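Since the model is a prediction, treat every value here as computed from it, not as a measurement.
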Amino acid sequence: MSTPRPLLAELVRRATGSGIDQVERIVEGYSNEVYRVRCTDGQDVVIRILRFDDDTSPAASQAEAAAIEKARAAGVPVPEILLLDTARIDGTEFPVMVQRTVPGRPLSDVINQLAERQRHDVLVEIGGLIARINGINVEDEPDWQTAMEADLAHRYANRDKIIDGGFSPAQFDRMLDLLQGYVRDFPCNRWVLCHGDLSPKHIFVTADGSSGAGVRVSGVVDFGDWKAGAPVHDLAVLRVRGPLLDLTPLLHGYGAPTDQAYRRQLDLHTLLIALGSLEIGVDEQDQACIERSRHQIRTLLADLDDPGFRWPGSASDAVGGQLR
């Protein structure tokens, strides 16, 4: 444990008025040092200390809290923030957020246990919640062209990583050509609130489906990577983070258009996210991530280069399919 227990206890006391019974370090935290705490009065809370991000200023934590509250106001179940402050650790002040733990379990833990109807219904609900988040307009400085040029420049700077991940220079050039066409053909005229790291582990549900009862979303957590982005961004991220989720009910719940132009727009944005995922896999020498990302990219390229392809669940194809 990096943060002394007495400091954690003080944060819990300030947030809840209670003491610590049990504390567990959560290793999945990337930007944050994260602890799950059972209080002496029975409350369960999460302590998130922003220690490892490029921006560890109080403003960054305050912006995340504001994003959470905007999502709550839109009807999205999000964690209750009990304390937003700073704590001195090893002579440095770091932002601290204490949240009440959301009930249920991560979707990633239970998705394979759900019956077909339970799975369909909860994915429709998730699609609707993403639409609520993306229905919040956000002011941001860079225009679409400027923001995307910077993104593509970053992808080009990481060309060698994409090649190391299993693609030829010619394939990389083809991907950049496709993405340049995306910027030209699908300009975004408004920025919306995006979760930024939407994945099955950040979506909590009420049950594992074993009782046969309906499964509902109980919480969407970890807005640390929130951003002002295009309305397709969160759907594209979820496609990459949860490639085995069924796409059709998600899009139905979201209220997405069913035409081929929207399909191409979402595919192209998903390609952008999948390339970033491949870069991370190569950086971290994560072979599973590399193989998963490489498969996703190859599937996307095949679809994008096939003008006769029909999207599962589109108006011209009533057959459902996975998040391809």
When you measure from the side chain of [X] to the backbone of [Y], do you find a donor-acceptor pair of N or O atoms at a distance under 3.5 Å?
| X | Y | result |
| --- | --- | --- |
| Asp234 | Gly196 | yes |
| Arg294 | Gly165 | yes |
| Arg38 | Glu24 | no |
| Gln118 | Ala213 | yes |
| Trp144 | Val183 | yes |
| Glu93 | Ile89 | no |
| Thr56 | Phe94 | no |
| Asp143 | Thr146 | yes |
| Asp259 | Tyr262 | yes |

Taking side chain as C-beta onward, heavy atoms only, is [X] less than 4.5 Å from [Y]?
| X | Y | value |
| --- | --- | --- |
| Pro169 | Arg159 | yes |
| Val217 | Phe204 | no |
| Leu114 | Val122 | yes |
| Leu301 | Leu178 | yes |
| Val45 | Gln99 | no |
| Leu235 | Val232 | no |
| Ile81 | Ile68 | yes |
| Asp44 | Cys39 | no |

Regarding [X] and [Y], does a basic nitrogen lie under 4.0 Å from an acidic carboxylate oxygen?
| X | Y | answer |
| --- | --- | --- |
| Asp303 | Arg263 | yes |
| Arg241 | Asp197 | yes |
| Glu10 | Arg13 | yes |
| Asp286 | Arg292 | no |
| Arg264 | Asp185 | no |
| Arg48 | Glu64 | yes |

Starting from [Y], can I reach [X] by hopping between I/L/V/M/F/W/Y residues whose side chains sit under 4.5 Å apart?
| X | Y | value |
| --- | --- | --- |
| Val192 | Ile273 | no |
| Val282 | Ile297 | yes |
| Leu50 | Ile26 | no |

For residues [X] and [Y], report the shortest heavy-atom separation together with the two atoms involved.
| X | Y | value |
| --- | --- | --- |
| Phe167 | Arg298 | CE2-CG, 3.7 Å |
| Leu245 | Pro200 | CD1-CG, 4.1 Å |
| Asn137 | Arg190 | OD1-NH1, 2.7 Å |
| Leu129 | Val76 | O-CG2, 3.9 Å |
| Leu193 | Ala71 | CD2-N, 4.4 Å |
| Ser199 | Leu238 | CA-CD1, 3.9 Å |

Donor-acceptor pair between [X] and [Y] side chains, under 3.5 angstrom:
| X | Y | result |
| --- | --- | --- |
| Asp267 | Thr270 | no |
| Asn134 | Tyr254 | yes |
| Gln43 | Ser18 | no |
| Thr206 | Ser218 | no |
| Tyr35 | Glu33 | yes |
| Ser57 | Asp55 | yes |

Single hit among Glu284, Glu291, Gln285 for side chain to side chain contact (heavy atoms under 4.5 Å, CB included) with Gln287:
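So the option named by the test is Glu291.
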With under 30° as parallel and over 60° as perpendicular, where do the rings of His269 and His233 fit, or are they tilted in between?
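Plane angle over 60°, so perpendicular.
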Parallel, tilted or perpendicular: ring planes of His202 versus His195, cut at 30 and 60 degrees
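It falls in the tilted class, 30° to 60°.
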Assess whether atom CZ of Arg216 is packed by more than 12 heavy atoms of other residues, nucleotides or ligands within 6.0 Å.
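Count not over threshold, so no.
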Using salt bridge (charged side-chain N to carboxylate O under 4.0 Å, His left out), reason through Arg174 and Asp305 one step at a time and then give a plain yes or no.
CA-CA 10 Å; Arg174 172 59 179 154; Asp305 284 334; 2.5 Å; yes
